[in-house]
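Contents: one structure, followed by commentary.
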Amino acid sequence: MPLLVMKFGGTSVADLDRIQNAAKKVQREVARGYDVIVIVSAMSGKTNELVGWVEGTSPMFDAREYDAVVASGENVTAGLMALTLQEMDVPARSWQGWQVPIRTTAQHSAARFVEIPRQNIDAKFAEGMKVAVVAGFQGVSNEGRITTLGRGGSDTTAVAFAAAFGAERCDIYTDVDGIYTTDPRISGNARKLDKIAFEEMLELASLGAKVLQTRSVELAMRYKVRLRVLSSFEDTDDNSGTLVCDEDEIMESKVVSGVAYSRDEAKITLVTVEDRPGISAAIFAPLADAGVNVDMIVQNISEKDYEDHPGAVTDMTFSIPVNQVERARKAMEDARASGQIAYDELVVDKDVAKVSVVGIGMRSHAGVAARMFKALAAENINIKVIATSEIKISVLIDRKYMELAVQALHDAFELEKAG
Ligand code: ADP
Ligand code: ASP
Ligand code: MG
């Protein structure tokens with residue numbers, strides 16, 4: 001029997017009416033002859049509420065209990081979806097992660113898949129079940145504890161099931177009708193793409209486009225899963241939405257294909273750090289040990305014989321997620337207290353955002369950076385940090401200019417036009 005994976009995100013299962021609307025889409029695929037694995041998120045807002053409750057108990061909460069609490073939102077929607085399908089005479093059964101069992105690593109709140117055994121679900125399909133409704137975002141460690149996959153993780157559950165069960169396609173139903181040149185909620189002239197290359201989507205996701213979790217794109221690319229994003233609110237058919245696929249299936253030839261943003265960034269500068277071999281390791285090793293995710297890094301040119309500092313000194317600037325500032329500050333202060341590093345001052349800027357342009361065409365075209373910086377300059381937006389890779393350029397700017405920057409870049413690269 002051909003099999004489809006259909007994933008419904010939080011807004012698509014926000015109440016019983018929406019669950020029913022989603023269930024109708026599933027029923028239609030069953031009527032067309034598919035066995036279906038449905039992956040559900042928690043109702044919209046639920047996971048945030050659960051996270052808030054956990055954080056309310058203590059800032060140093062036990063990560064295992066965090067997972068036990070936040071995974072529960074998906075359990076509710078899995079059961080409700082199965083009940084709704086049963087009411088429509090579609091044989092359906094819900095599965096929590098441990099019942100499959102979805103085996104993951106024990107990195108709580110950031111677990112990775114180890115194995116998804118098929119036997120239990122296949123046995124039920126063989127008995128006549130048509131739909132397995134699986135709670136997204138969760139798994140079980142080899143210690144038998146509930147784990148979660150990081151925010152947005154139901155996308156990754158969906159792709160992992162599509163790979164494990166050899167699904168014909170993995171359809172991600174959400175509150176927009178596809179992947180756009182930038183977030184359609186920020187730019188009124190964002191354009192929907194029919195197709196996007198895995199690598200571009202991977203960059204966009206990792207640079208903040210939350211329409212797909214980064215890891216889900218990585219898995220789809222590795223296991224050659226046909227991945228599609230489409231609307232759960234509109235009528236859809238086999239050609240709806242956006243297909244994430246190999247580069248050679250794509251006709252568009254724009255140099256830049258999308259703009260992404262990440263709102264909640266912070267910038268830290270260590271002022272007058274000693275400039276000597278090993279200093280970067282001495283700064284970034286304690287940050288890594290403290291679980292701080294450092295993103296962009298700039299080391300300024302060395303100032304020789306600076307007034308109070310005989311010998312070379314420099315400033316070191318890096319960006320991190322804004323909610324890790326206190327952890328980073330403590331790691332740096334501890335490293336200074338123990339004599340591993342020396343600096344005069346630690347300066348924090350919590351009001352920055354990252355804006356990036358992405359496109360595989362950049363590999364073979366010069367001038368993208370110049371065009372990007374010119375567009376930002378025309379809006380009087382100051383660039384604080386720059387980072388580049390083969391297919392992206394990112395800048396850190398004041399958060400208050402984020403929307404303006406996204407729009408200016410979208411216009412500068414004429415992304416509203418197909419090319
Ligand atoms: P779900 O709850 O269905 O998982 P998410 O909120 O996680 O939905 O992801 C969908 C959202 O992603 C959209 O509502 C949109 O605001 C945002 N988004 C960001 N970048 C893009 C993009 N390039 N294309 C489409 N949506 C995007
Ligand atoms: N409910 C989880 C979250 O909000 C997982 C998901 O929706 O993908 O992050
Ligand atoms: Mg999501």
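Atoms within a ligand are numbered from 1 in the order they appear, just like the ligands themselves. For the numbers below, each heavy atom of this structure counts, side chains included, while hydrogens, waters and symmetry mates do not. Source: prediction; values computed, not measured.
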For ligand 1, which is the ligand I care about here, please tell me if [X] has any N or O atom under 3.5 Å from one of the ligand's N or O atoms.
| X | answer |
| --- | --- |
| Ser41 | no |
| Arg185 | yes |
| Pro184 | no |

Under 4.0 Å from ligand 1, counting heavy atoms only, is it the side chain of [X], its backbone, both or neither?
| X | answer |
| --- | --- |
| Lys210 | both |
| Thr182 | backbone |
| Asp183 | both |

Item checked: Considering all heavy atoms, the nearest Glu265-Ser319 contact -> OE1-OG, 4.1 Å

Note to self: For a quick test of reading the model, state the closest non-hydrogen atom pair linking Gly139 to Thr104 and the distance between them.
What the structure shows: CA-CG2, 3.8 Å

Are any of the side-chain nitrogens in [X] or [Y] under 4.0 Å away from the carboxylate oxygens of its partner?
| X | Y | result |
| --- | --- | --- |
| Glu199 | Arg363 | yes |
| Glu168 | Arg32 | no |
| Lys25 | Asp171 | no |
| Lys210 | Asp155 | no |
| Glu249 | Arg226 | yes |
| Glu218 | Arg215 | yes |
| Glu403 | Arg185 | no |

Checklist line | Donor on one side chain, acceptor on other, Thr182 and Ser187, under 3.5 Å | finding: no

Note to self: Whether the Asn189 and Gln407 side chains hold a donor-acceptor pair (N or O, under 3.5 Å, no angle test) is what I'd like checked.
What the structure shows: yes

Notebook entry, point to check: Does ligand 2 have an atom that lies less than 4.0 angstrom from a heavy atom of Gly136?
Noted result: no

Nearest protein heavy atom with distance in Å, relative to [atom]:
| atom | result |
| --- | --- |
| atom 11 (C) of ligand 1 | Asp175 OD1, 4.0 Å |
| atom 7 (O) of ligand 2 | Ser41 OG, 2.9 Å |
| atom 3 (C) of ligand 2 | Arg151 NE, 3.3 Å |
| atom 2 (O) of ligand 1 | Gly10 N, 3.1 Å |
| atom 25 (C) of ligand 1 | Gly178 O, 3.4 Å |
| atom 27 (C) of ligand 1 | Val211 CB, 3.7 Å |

Enumerate the atoms of ligand 1 whose separation from the nearest heavy atom of [X] is less than 4.0 angstrom.
| X | answer |
| --- | --- |
| Ala209 | 20 (N) |
| Tyr180 | 22 (C), 23 (N), 24 (N), 25 (C) |
| Lys7 | 4 (O) |
| Thr174 | 1 (P), 3 (O), 8 (O), 10 (C) |
| Ile179 | 24 (N) |

Item checked: Within reach of ligand 2, part of Glu74 (heavy-atom separation under 4.0 Å) -> side chain

Margin query: Between ligand 1 and Ser44, can you find any atom pair, the residue atom being a heavy atom, that is separated by under 4.0 Å?
Written below: no

Check: Has Arg371 got more than 12 heavy atoms of other residues, nucleotides or ligands less than 6.0 Å from its CZ?
Finding: yes

Checklist line | Asp295 side-chain N/O to Ile320 backbone N/O, donor-acceptor pair under 3.5 Å | finding: no

Margin query: Using a plain distance cutoff, I'd like to know if Gly152 has any nitrogen or oxygen under 3.5 Å from a nitrogen or oxygen of ligand 2.
Written below: yes

Next item on the list: Would you check whether Ser154 has a nitrogen or oxygen atom less than 3.5 angstrom from a nitrogen or oxygen atom of ligand 2?
Entry: yes

